[in-house]
Amino acid sequence: MEKPEKLIVDGKRLDGRAPDELRPLKIEAGVLKRADGSAYVELGANKVLAAVYGPREMHPRHEQQPDIAVLRCRYAMAPFSVEERKRPGPDRRSVEISKVTREAIEPVLFLELYPRSVIDVFIEVLQADAGTRTAGINAAAVALADAGVPMRDLVSAVAVGKVDGTIVLDLTKEEDQWGTTDMPVAIVPRKKMITLLQMDGHFTGAEFKQALDLAFNACERIYEAQRQALRERYAIKQGG
Ligand code: ADP
């Protein structure tokens, strides 16, 4: 696709959304039989699966930590997940995303409960349209809860940015590509603690505050959808 002249026309984005509107979000918990916990997330055209194994004994053993469990995250994109076939296997980007995903999730886990163990989180991107790292974090948090791993809270994540001079929520591929700023954020909702904040581009101080407010608000909605997915999985009636 060539760069459109404008990414926002009459206050609407190319896909018809308002600047502060999230793409359609769908979350399902417990979608894989063999994983201890799993989740599937769709956010607009993004389709992401997360699978959790463990806590289980860490192999290789020399990577065991005597006092805590190790959280191991692997983010991977399927070759068919993007327009041009992606070469399979890890690359710089997926290694970086795996690392920031681990750092975004680690603070909610009680790793001290499982010395010498490992908790594996596999994130597989089946279809990508910008925002896959945040979709992956949302899926991973639900998959960990589905696995019954003790957690202080979930982690909710979304990207915000700047497109045609406007602060926007949840950028599409086109907006990410041709916008000026992309800022993925992950939050531990109850503590309002930020566990991931990256920025590609720049904001003024006021824009940063506006973008962060937008991310916090959207994470509240994502958090509710995550909890709803877990309620549906275990058929717990609301208010019951
Ligand atoms: P995120 O998916 O978290 O937004 P990036 O900002 O790095 O991460 O990527 C934005 C989007 O660019 C991805 O969601 C995907 O649609 C696209 N993309 C990333 N890597 C590739 C790749 N190797 N080939 C084609 N498209 C890619």
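What's counted below: heavy atoms across the whole structure, side chains too, no hydrogens, waters or symmetry copies. Every number for a ligand or one of its atoms is a count from 1 in the order of the listing.
- Residue contact check: D182 has heavy atoms under 4.0 Å from atoms 6 (O) of ligand 1.
- Remark: distances from the non-hydrogen atoms of P184 to ligand 1 are all 4.0 Å or more.
- Cation-pi check for R152 over F110 is met; the charged atom lies under 6.0 angstrom from the ring centroid and within 45 degrees of its normal.
- L126 CG to L49 CG: the interatomic distance, rounded to the nearest 0.5 Å, is 5.0 Å.
- A donor atom on one side chain and an acceptor atom on the other are not found under 3.5 Å apart for T195 and E103.
- Among protein heavy atoms, atom 6 (O) of ligand 1 sits closest to D176 OD2, 3.3 Å.
- Among protein heavy atoms, the minimum distance from atom 23 (N) of ligand 1 is reached at K86 CG, 3.8 Å.
- Side-chain N or O atoms of T101 include none that pairs as donor or acceptor with a backbone N or O of K99 at under 3.5 Å.
- For E83, no heavy-atom contact with ligand 1 is shorter than 4.0 Å.
- Among protein heavy atoms, the minimum distance from atom 4 (O) of ligand 1 is reached at G131 N, 2.7 Å.
- Regarding atom 24 (N) of ligand 1, its nearest protein heavy-atom neighbour is V82 CG2, 3.6 Å.
- Using a 4.0 Å cut-off between charged nitrogen and carboxylate oxygen, D129 and K47 do not count as a salt-bridge pair.
- Annotation: M77 places no N or O atom under 3.5 Å from an N or O atom of ligand 1; distance criterion only.
- For the pair R221 and Y223, the cation-pi test (distance below 6.0 Å, angle within 45°) is failed.
- With D164 contributing its side chain and T166 its backbone, the two residues share no donor-acceptor pair below 3.5 Å.
- At least one N or O atom of R93 sits closer than 3.5 Å to an N or O atom of ligand 1.
- Of all protein heavy atoms, the one closest to atom 15 (C) of ligand 1 is A128 CB, 3.7 Å.
- The aromatic rings of F208 and F203 sit tilted, their planes meeting at an angle between 30° and 60°.
- At a 3.5 angstrom cut-off on N or O pairs, T132 counts as close to ligand 1.
- Among all protein heavy atoms, the one lying closest to atom 14 (O) of ligand 1 is A130 N, 2.8 Å.
- Nearest non-hydrogen protein atom to atom 17 (C) of ligand 1 is K173 CE, 3.4 Å.
- R93 and Y75 share a side-chain donor-acceptor pair at under 3.5 Å.
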